[in-house]
**Student:** 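Got a structure for you, questions after.
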Amino acid sequence: MGDSVAFPVYNASITRVVPVSGSAFDEGNNANSGGCSVRTSDGKINLAETVRNGVFGATPANDARRDFDIYYRLNDESGKSLNKLRVRLYYYTSMSTVAPDLLQTLNEREAQGVFLGTTYLASTDDNPATSRTISTAGLAKPRPPCVIIIGN
């Protein structure tokens, strides 16, 4: 495939398997109809396809951002209750163009232990085993989750 993919994290741990059998992701097609490419079978977001879908315009500009509400039902102890997660996507042409205030926010969240102990950032081959990761000590639920897409 070659596209970058953002993987869902289940119950604040990458070691827990998302219960995909009997679950539904992007119920109501809200994110997909807006161009955010969410797999309805497993909740993965294809970031490259999202950019190709024009979410940030025909020629994405630095600091472009979009929020998407993803409605989902998990086949777990929640009894398939309807849940919603707002995801914020940012676009930059290179890491050096990421807004300083966004980098500062990310650094502050990391220092406060907001990130998961180890979390997937993205993969280029749809394989969690080869995804880039960052490691931090704390557990929390930063809202909205932010995904920074680097074009190059």
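Remember, it's a predicted structure, so these values are computed and weren't measured experimentally.
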**Student:** Working to the nearest 0.5 angstrom, can you tell me the gap between D76 CG and R16 CZ?
**Tutor:** 11.0 Å
**Student:** Let me check something: do M95 and Y90 share a hydrophobic cluster, defined by ILVMFWY side-chain heavy atoms less than 4.5 Å apart, either directly or through other members?
**Tutor:**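 Linked, M95 and Y90 end up in one cluster.
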**Student:** Would a 4.5 Å heavy-atom cut-off, applied to side chains only, mark T50 and L89 as touching?
**Tutor:**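 In short, these two side chains touch, coming nearer than 4.5 Å.
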**Student:** Within the structure provided, determine whether I149 and S4 are in side-chain contact (heavy-atom separation under 4.5 Å).
**Tutor:**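 Not touching, per the 4.5 Å side-chain cut-off.
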**Student:** Of the non-hydrogen atoms in I45 and C36, which two are nearest, and what is the gap between them?
**Tutor:**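 Nearest heavy atoms, I45 then C36: CG2-SG, 3.9 Å.
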**Student:** I need the K84 NZ to I70 CD1 distance, nearest 0.5 Å.
**Tutor:** 11.5 Å
**Student:** Taking S37's backbone N and O only, do any of them form a donor-acceptor pair with N46's side chain (distance below 3.5 Å, no angle check)?
**Tutor:**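 Between the backbone of S37 and the side chain of N46 there is no qualifying donor-acceptor contact (under 3.5 Å).
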**Student:** Rounded to the nearest 0.5 Å, what's the gap from CG on N32 to CD on E49? Could you check?
**Tutor:** 8.0 Å
**Student:** Looking at every heavy atom in both A58 and P60, which two are closest together, and how far apart are they?
**Tutor:** O-CD, 3.7 Å
**Student:** I need the L74 CG to S23 OG distance, nearest 0.5 Å.
**Tutor:**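 Rounded to the nearest 0.5 Å, the CG-OG separation comes out at 4.5 Å.
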**Student:** Do E27 and R73 come close enough that some side-chain heavy atom pair is under 4.5 Å?
**Tutor:** yes
**Student:** Is the shortest heavy-atom distance from the side chain of V18 to the side chain of F7 under 4.5 Å?
**Tutor:**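 Counting from C-beta outward, V18 and F7 never come under 4.5 Å.
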**Student:** Once you round to the nearest 0.5 Å, how far does CZ of R88 lie from CG of D67?
**Tutor:**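 That separation rounds to 4.0 Å.
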**Student:** Compare all side-chain heavy atoms of P8 with those of K44 and state whether any distance is below 4.5 angstrom.
**Tutor:**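 Side-chain contact under 4.5 Å: yes.
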**Student:** Judged by modelled atom types alone, do N62 and T93 share a side-chain donor-acceptor pair under 3.5 Å?
**Tutor:** yes
**Student:** Looking at F68 and G34, what are the two nearest heavy atoms and their distance?
**Tutor:**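 Where F68 meets G34 most closely, the heavy atoms are CE2-O, 3.6 Å.
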**Student:** Which pair of non-hydrogen atoms, one from A31 and one from D26, has the smallest distance, and what is that distance?
**Tutor:**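 Smallest interatomic distance, heavy atoms only, reads N-OD1, 2.9 Å.
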**Student:** Counting C-beta onward and ignoring hydrogens, is there a side-chain heavy-atom pair between V87 and V147 closer than 4.5 Å?
**Tutor:**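 SC-SC contact between V87 and V147 confirmed.
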**Student:** Show the nearest heavy-atom pair for residues G35 and N53, with the distance to one decimal.
**Tutor:** O-ND2, 2.9 Å
**Student:** Check the pair F56, V51 against side chain to side chain contact (heavy atoms under 4.5 Å, CB included), reporting the backbone distance first and the verdict last.
**Tutor:** CA-CA 7 Å; F56 302 110; V51 172; 4.1 Å; yes
**Student:** Would you check, one step at a time, whether the test salt bridge (charged side-chain N to carboxylate O under 4.0 Å, His left out) holds for R52 with D3?
**Tutor:** CA-CA 11 Å; R52 287 192 301 269; D3 284 351; 2.6 Å; yes
**Student:** Work out which heavy atom in G151 is nearest to a heavy atom in Y91; give both atom names and the distance.
**Tutor:** CA-OH, 3.5 Å
**Student:** Under 3.5 Å, is there a donor-acceptor pair between the N30 and D69 side chains?
**Tutor:** no
**Student:** Do R65 and D63 sit within salt-bridge range, that is, some charged N less than 4.0 Å from a carboxylate O?
**Tutor:**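 The answer is yes: the pair qualifies as a salt bridge.
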**Student:** Quick one, L85 and P145 - any side-chain contact, counting heavy atoms below 4.5 Å?
**Tutor:**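 A side-chain contact exists here, since the closest heavy-atom pair is under 4.5 Å.
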**Student:** Is there a side-chain contact between Y72 and L82 in this structure, where contact means two heavy atoms from C-beta onward sitting under 4.5 Å apart?
**Tutor:**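 No; the side chains remain at least 4.5 Å from each other.
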